[in-house]
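Reviewing the structure listed below.
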Protein chains: 2
Amino acid sequence: MSDSRQTAKTTSSGRGQVSGSGPGDNGLDAIYRSISEAIIEHRLKPGARLREDALADVFGVSRTGIRKVLQRLALEQLVTLTPRRGASVTRPSVDEARDVFEARLLVECAMMDAAAKRITEEDIQELQEMAKQEREALRNREQRIAIKLSATFHARLAEISGNRTLAGFVGQLASRSSLILAVYGNAGHLGCESHDHDNLIDFLAAGDGAKASDFMERHLKSIEASLSIFEEPEETPDLWDIFAVDA
Amino acid sequence: MSDSRQTAKTTSSGRGQVSGSGPGDNGLDAIYRSISEAIIEHRLKPGARLREDALADVFGVSRTGIRKVLQRLALEQLVTLTPRRGASVTRPSVDEARDVFEARLLVECAMMDAAAKRITEEDIQELQEMAKQEREALRNREQRIAIKLSATFHARLAEISGNRTLAGFVGQLASRSSLILAVYGNAGHLGCESHDHDNLIDFLAAGDGAKASDFMERHLKSIEASLSIFEEPEETPDLWDIFAVDA
DNA sequence: TCGGCCACCATTGTATACGCTCTTTGTGCA
DNA sequence: TGCACAAAGAGCGTATACAATGGTGGCCGA
């Protein structure tokens, strides 16, 4: 790893620097999105360590900026900050998983009514486009992309209902759900069935909030049901099984 | 330049101690609570500027720590971070106020069912104690204390229902409600009527989640109704009014 | 051979220094 | 008299430096 030879270079020429990052956290925001996306897409798996130095090196900023981003991610529960051990991608506990889905069930279903009333033609087209991309990603076996799109879809849906506070909350829940899928999901059985989202759009387009709500309920419950939620008791006994087989 | 291999000689004598501040954000957390409480109690009013230097001075830490705290408060929407202008206590917009109460109505009512099922004798006593303190604060005209206790009460209630994720959300909403009261509330008409909380406890103690939910709905709606929600167009023209009266 | 101790290292936590932008005030000109 | 421009000042954004801590590996003693 070496000495970071080039990072220092950027500052030398003054404001030079990549991608014109503005003053505020403009540049930092890009880093935030970048890491956030990597986590949601499971390119960074739960438990993965996120060293500040390494990230600082990758993104060409100092640790200060990275710390800021990491802190934000920690507040959204996407990463866990252990006092002297640094940051790592959060590995949701069973309780957390249950809580998150319960919360989604409660909030997202309740928002369907408002969404059905407020949805516009533009919204519908946008959602359909997203659903289409998701189907394509699924068809191409790009599960990572599909998962991200699914989270975005739910977040966008929440925005349509007009309550920004709740929408922000749903966004967080959707991101965390992605982590939960990474830990407790079965391979081959992706969270959202591809046609579910289309059906949801249809109900909303028809202005039928009640049906949309019912469908959302089934949708979320089916995702939760597809998980293998049982805590892995592997503390250390791992080795015995592994080597017993071997020997 | 990064090769700092030998500098760390000092560790020799050891782990000595450091009494105070723990490692992590132990000390910072206290600062966070301190500022947070000041905001909720309206000792810091919406719009108040929070200069990093000043806070660093007050709490005896450097700006670094203050920034960390400020960022966290910003993520919880208690303070607003304007790019080059620094931090100030958030002044909730009319839309925000509506969103927050809508969210509370949705979430808190829905949680009553679980709360009624899970509440224990200890919880009941704790809540009653809190309600009692709140009544006393109101009687003593200590509205600031009462507002804080009210927010804490609602947050604690949410915790009882057993879903930490939702409880955290309710905590945030309660804090923000305090800000909303500061901006749109009428003096003399505090948010929560003092006996409301007692009634709520009674319903929960009786295990009647439905009634508790209904009551919570009325409770929150009455608070919202007591607000004078119309946007004040005062951007800076403050002075004109003041001196017009004077002259 | 195993268990405990000690030194080193890797990595984070905190503080300080510097540069940049925005605001404000003062002055000159139309 | 009013407006525009410039300079100074204040405050934030970022990087770097230093200190402290927990983990890791090796050594010694039982």
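To find a chain, count down the sequence lines: A is the first, B the second, and so on, and within it residues start at 1.
One interatomic measurement links the two molecules: CG of A/D57 to C1' of D/dA15, which rounds to 14 Å at whole-angstrom precision. The interatomic distance linking B/L55 (CG) with C/dA15 (P) rounds to 14 Å, in whole Å. Rounded to an integer number of Å, the gap from A/R85 CZ to D/dA20 P is 21 Å. Atom NZ in A/K68 sits about 9 Å away from atom C1' in D/dT14, given to the nearest Å. A straight line from CZ of B/R84 to P of D/dT14 spans 7 Å, rounded to a whole angstrom. Going from atom CD1 of B/I66 over to atom P of C/dA15 covers 9 Å, rounded to whole Å. A/D53 has its CG atom 12 Å from the P atom of C/dG13, to the nearest Å.
By the side chain to side chain donor-acceptor pair (under 3.5 Å) test, A/S36 pairs with no residue at all, sequence neighbours left out. Partners of B/E159 under the side chain to side chain donor-acceptor pair (under 3.5 Å) rule, at least two apart in sequence or in another chain, are B/R156.
To the nearest 0.5 Å, atoms CD1 (A/I35) and CG (A/L78) are separated by 10.5 Å.
A donor and an acceptor atom, one from each side chain of A/S228 and A/N186, are located under 3.5 Å apart.
Base engagement by B/R67 is indicated by at least one non-hydrogen atom pair under 4.0 Å involving a base atom. Across all strands, A/R63 comes closer than 4.0 Å to base atoms (heavy-atom distances).
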